[in-house]
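What follows is a single structure, written as structure tokens, with notes after it.
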Protein chains: 2
Amino acid sequence: MKNEIAEILKRNQLSVTGSRTKILELFQETNGALAHADIEKKTDETYDRVTIYRTLQTFVEKGIIHTIPTADNSVRYALCKDECTTGHHHDNHVHFICDDCGTTYCLDNITVPEVILPKGFTQKRADVIVSGICKNCE
Amino acid sequence: MKNEIAEILKRNQLSVTGSRTKILELFQETNGALAHADIEKKTDETYDRVTIYRTLQTFVEKGIIHTIPTADNSVRYALCKDECTTGHHHDNHVHFICDDCGTTYCLDNITVPEVILPKGFTQKRADVIVSGICKNCE
DNA sequence: AATTATTTGCAACAATGTTGCATTCGAATA
DNA sequence: TATTCGAATGCAACATTGTTGCAAATAATT
Ligand SMILES: [Mn+2]
Ligand SMILES: [Mn+2]
Ligand SMILES: [Zn+2]
Ligand SMILES: [Zn+2]
């Protein structure tokens, strides 16, 4: 496990450091998505806020994690399961946010449906965020 | 126009005040969506930041405007064109955000496609956010 | 082990969002 | 129109979130 994490980092030309290992580990053992604040808590503030920001940013750039937009000003992050690479994400699955417990699910086998845009618009990315009550809260 | 705005406010049991009138006016004359910061600028900081926050919140509750989640931690707001009411929004159209100019479009006649959720999940709301290059920037 | 490039933590700051409370203002009533 | 009363506003104070520059620490390379 620890070795696997180091592998992922090396494969992405990132040096293996404490914060990166720990944060990646957190993502591995978390089902849903994590917000910056979650990570701060789960690491007991071992790492500086700035470090966490920069780590998340780096991971997103390298295609290790992807962002999930929300309606409440709090971007979440989750592991990429597809073959995402630097600058190229392929996480075209639907996300679900529970209004009750706040858990964010990556619905990996529900793909984002095609959207036909008006003339002149070019699509780079598409996000589908569904919210409501999750299977644990109903 | 001014009268129409007052009408909307009254219909929603809101007293007609300067800030509410001005902010609603802004939304009427804006094609795309507005973020809190946009409104502050466009009103030349005539109104307190707190008042703007509260006004936006009230408008969302009353179904006068709806929120648009974004991947960069900056919720935008746009006029509801459907018959939204207190606590019940029906803005099921796709939103497009231009990576270049930042403009957020309500694609009113592109409706959000159905998403079939796993057992146990109940949908309350669904957002589709497409980003890329808009017709003005290509 | 020494070198070098990268990463980290700290400080200082900017931006964004929240709450309580006194004052002001709008709407209804007399 | 003047009075009354509840609602909206502005201000202050604060909390949270995000950004930048730079020196110190650390990881990878030689
Ligand atoms: Mn995901
Ligand atoms: Mn819209
Ligand atoms: Zn839940
Ligand atoms: Zn554009």
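Here the structure is a predicted model, which means the values were calculated and not measured. A note on names: the letters A, B, ... follow the listed sequences, proteins ahead of strands, and every chain is numbered from 1.
- Separating the CD atom of B:Glu61 from the P atom of D:dA7 is a distance of 14 Å, rounded to the nearest angstrom.
- Applying the 3.5 Å distance criterion, the base of D:dG18 shares no donor-acceptor pair with the side chain of A:Arg54.
- No close placement of the A:Phe59 and A:Phe27 rings is indicated, their centers lying 6.0 Å or farther apart.
- Of the candidate nucleotides D:dA8, D:dG10, D:dG18, D:dA8 has the atom lying nearest to any side-chain atom of B:Arg20.
- Side-chain contact between B:Val130 and A:Arg125 is absent, with no heavy-atom pair separated by less than 4.5 Å.
- Between B:Lys22 atom NZ and D:dT9 atom C1' the separation is 18 Å, expressed in whole Å.
- Residues B:Val75 and B:Leu14 each lie close to DNA chain C; by heavy-atom proximity, the contact nearer the 5' end of the strand is made by B:Val75.
- Side-chain nitrogen and oxygen atoms of B:Thr17 include none within less than 4.0 Å of the OP1 or OP2 phosphate oxygen of C:dG26.
- Checking D:dT17, C:dT7, D:dG10 against every side-chain atom of B:Asp48, the shortest atom distance belongs to D:dG10.
- Using a cut-off of 4.0 Å between Lys/Arg side-chain N and Asp/Glu carboxylate O, A:Lys81 and A:Asp108 are scored as salt-bridged.
- Using a 4.0 Å heavy-atom distance criterion, A:Ser74 is classed as making no nucleic acid contact.
- Partner of A:Ile23 under the side chain to side chain contact (heavy atoms under 4.5 Å, CB included) criterion, chosen from A:Leu34, A:Ile65, A:Ile39, A:Ile5: A:Ile39.
- When the nucleotides D:dG10, D:dG18, C:dG17 are ranked by their closest atom to the side chain of B:Tyr53, C:dG17 comes out on top.
- In this structure, B:His95 has its ring center under 6.0 Å from that of B:His66.
- Phosphate proximity of C:dT7 to A:Ser15: present, with a side-chain N or O under 4.0 Å from OP1 or OP2.
- Atom CD1 in A:Ile52 sits roughly 12 Å away from atom P in C:dC10 (whole-Å rounding).
- Atom CD in A:Glu45 sits roughly 17 Å away from atom P in C:dT8 (whole-Å rounding).
- Per the geometry, CD1 belonging to B:Ile39 stands 13 Å off P belonging to C:dT16, to the nearest Å.
- Distance from the side chain of A:Thr51 is smallest to C:dG9 among C:dT16, C:dG9, D:dG10.
- Residue B:His36 is the one, among B:Lys10 and B:His36, whose nearest nucleotide of DNA chain C lies closer to the 5' end (criterion: closest heavy atom).
- Contact annotation: B:Asn73 side-chain N/O to C:dT16 OP1/OP2 distance is not under 4.0 Å.
- Going from atom CZ of B:Arg49 over to atom C1' of D:dT9 covers 15 Å, rounded to whole Å.
- The OH-P distance, from B:Tyr47 to D:dC11, rounds to 13 Å in whole Å.
- Among D:dT9, D:dT20, D:dT17, the nucleotide with an atom closest to any side-chain atom of A:Val50 is D:dT20.
- Separating the CG atom of B:Leu9 from the P atom of D:dT9 is a distance of 10 Å, rounded to the nearest angstrom.
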